[in-house]
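See below for the structure under consideration.
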Amino acid sequence: AAGVIQSPRHLIKEKRETATLKCYPIPRHDTVYWYQQGPGQDPQFLISFYEKMQSDKGSIPDRFSAQQFSDYHSELNMSSLELGDSALYFCASSPGLAGGLWEQYFGPGTRLTVT
Amino acid sequence: QKEVEQDPGPLSVPEGAIVSLNCTYSNSAFQYFMWYRQYSRKGPELLMYTYSSGNKEDGRFTAQVDKSSKYISLFIRDSQPSDSATYLCAMSDRDDKIIFGKGTRLHILP
């Protein structure tokens with residue numbers, strides 16, 4: 001079965017640079033979530049989109065922005081990167097109202113390293 | 001107090017044993033309860049979910065929810081080395097935002 005696709009899988013950036021992470025949800029899933037997971041930590045919710053509109057916002061820094069496009073893929077844009085932004089970034093998709101917004105399926109993640 | 005508490009472990013058990021993983025929570029509004037399995041450097045994988053109280057069984061896995069005690073459990077029967085992973089409990093109140101536990105690292109010893 002098709003899963004959530006994230007790219008790139010690994011990314012190395014320097015401080016103050018920008019990064020763009022991409023997420024392609026499971027086909028027919030209309031809801032996308034972004035999470036940040038530090039070493040030994042649980043995933044922290046950043047932001048979510050339903051039907052291309054932002055649906056909820058968590059602990060996302062102002063330096064980060066995200067959007068969902070007409071084909072339901074999503075991009076997380078991160079600017080003025082800081083060392084503390086180094087983490088695993090997961091995207092999850094959900095069938096939304098068709099299945100249950102809590103039924104989230106995670107992608108393999110993007111490992112961001114800021115040097 | 002964090003909304004969801006989970007012992008980080010590590011928990012080491014011999015192959016074939018029954019594993020019991022638990023979480024407690026404080027928000028009585030939680031209605032959806034999930035267990036995720038996460039292998040090292042991989043994304044969390046949805047294992048099981050339950051709505052409200054009760055038990056749910058899927059193969060070797062059984063999820064239990066006791067809302068009166070604000071306590072959920074995941075049991076793994078006939079544990080295998082391939083079950084070695086971090087198990088995260090997760091909960092939701094209004095069926096969108098998920099609150100995760102810290103995760104329990106489980107080691108199944110061959």
Side-chain angles (χ1 to χ4, degrees), chain A residues 1 3-7 9-10 21 23 25-26 29-51 53-60 87-113, chain B residues 1-11 21-25 27 29-52 56 58 63 65 72 74 85-107:
Chain A
V4 176
I5 297 172
Q6 288 188 249
S7 67
R9 294 293 311 276
H10 302 273
L21 278 53
C23 168
I26 292 171
H29 282 197
D30 54 16
T31 308
V32 168
Y33 305 80
W34 285 98
Y35 291 86
Q36 178 192 59
Q37 187 176 31
Q41 300 296 313
D42 55 301
Q44 296 294 312
F45 171 71
L46 293 177
I47 195 167
S48 63
F49 292 88
Y50 169 64
E51 280 292 343
M53 300 284 289
Q54 180 182 310
S55 57
D56 205 350
K57 202 170 182 180
S59 51
I60 184 169
L88 266 172
Y89 290 83
F90 289 107
C91 169
S93 75
S94 164
L97 296 177
L101 295 171
W102 49 267
E103 189 180 342
Q104 299 181 20
Y105 298 87
F106 283 72
T110 293
R111 180 171 294 280
L112 172 66
T113 303
Chain B
Q1 180 191 11
K2 196 166 161 52
E3 278 189 289
V4 179
E5 299 282 355
Q6 185 176 11
D7 187 333
L11 176 63
L21 302 166
N22 311 292
C23 288
T24 59
Y25 62 95
N27 187 348
F30 286 142
Q31 298 184 68
Y32 301 91
F33 304 91
M34 288 76 73
W35 285 95
Y36 284 83
R37 177 175 63 195
Q38 186 173 24
Y39 293 111
S40 181
R41 299 177 179 271
K42 302 289 187 184
E45 173 192 359
L46 179 61
L47 269 182
M48 297 187 70
Y49 58 86
T50 54
Y51 172 70
S52 195
K56 186 172 182 179
D58 184 1
V65 175
I72 70 169
L74 178 70
T86 296
Y87 289 79
L88 300 125
C89 63
M91 327 191 168
S92 178
D93 56 359
R94 49 189 173 84
D95 78 357
D96 56 355
K97 188 180 295 182
I98 288 178
I99 308 297
F100 284 91
K102 287 288 188 188
T104 298
R105 289 174 56 198
L106 174 66
H107 297 291

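Below, chain A is the first sequence line, B the second, and so on; all start at residue 1.
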Original post:
For P43(A), is it the side chain, the backbone, both, or neither that has a heavy atom closer than 4.5 Å to a heavy atom of chain B?
Top reply: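 Contact with chain B involves both backbone and side-chain atoms of P43(A).
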Original post:
Checking Q37(A) against chain B: side chain, backbone, both or neither under 4.5 Å from a heavy atom?
Top reply: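 Answer is side chain: those atoms of Q37(A) sit under 4.5 Å from chain B.
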**OP:** Please flag which part of E45(B) lies under 4.5 Å from any non-hydrogen atom of chain A: side chain, backbone, both or neither.
**Re:**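 Neither part; nothing is under 4.5 Å.
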Subject >> Contacting moiety of K102(B), where chain A heavy atoms sit under 4.5 Å >> reply: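 Both backbone and side chain.
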**OP:** Tell me, yes or no, whether the heavy-atom count around K42(B) atom NZ, taken from other residues, nucleotides or ligands under 6.0 Å, exceeds 12.
**Re:**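 No, because the 6.0 Å sphere around NZ of K42(B) holds 12 heavy atoms or fewer from other groups.
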Subject >> Qualifying residue for side chain to side chain contact (heavy atoms under 4.5 Å, CB included) with D42(A), from V4(B), L88(B), I99(B) >> reply: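 Answer after filtering V4(B), L88(B), I99(B): L88(B).
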Subject >> Qualifying residue for ring pair (Phe, Tyr, Trp, His ring centres under 6.0 Å) with F100(B), from Y35(A), F90(A), Y33(A) >> reply: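 In the set Y35(A), F90(A), Y33(A), the residue that makes a ring pair (Phe, Tyr, Trp, His ring centres under 6.0 Å) with F100(B) is Y35(A).
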Original post:
Can you tell me how far OH of Y105(A) sits from CG of L46(B), rounded to the nearest 0.5 angstrom?
Top reply: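 The distance works out to 5.0 Å.
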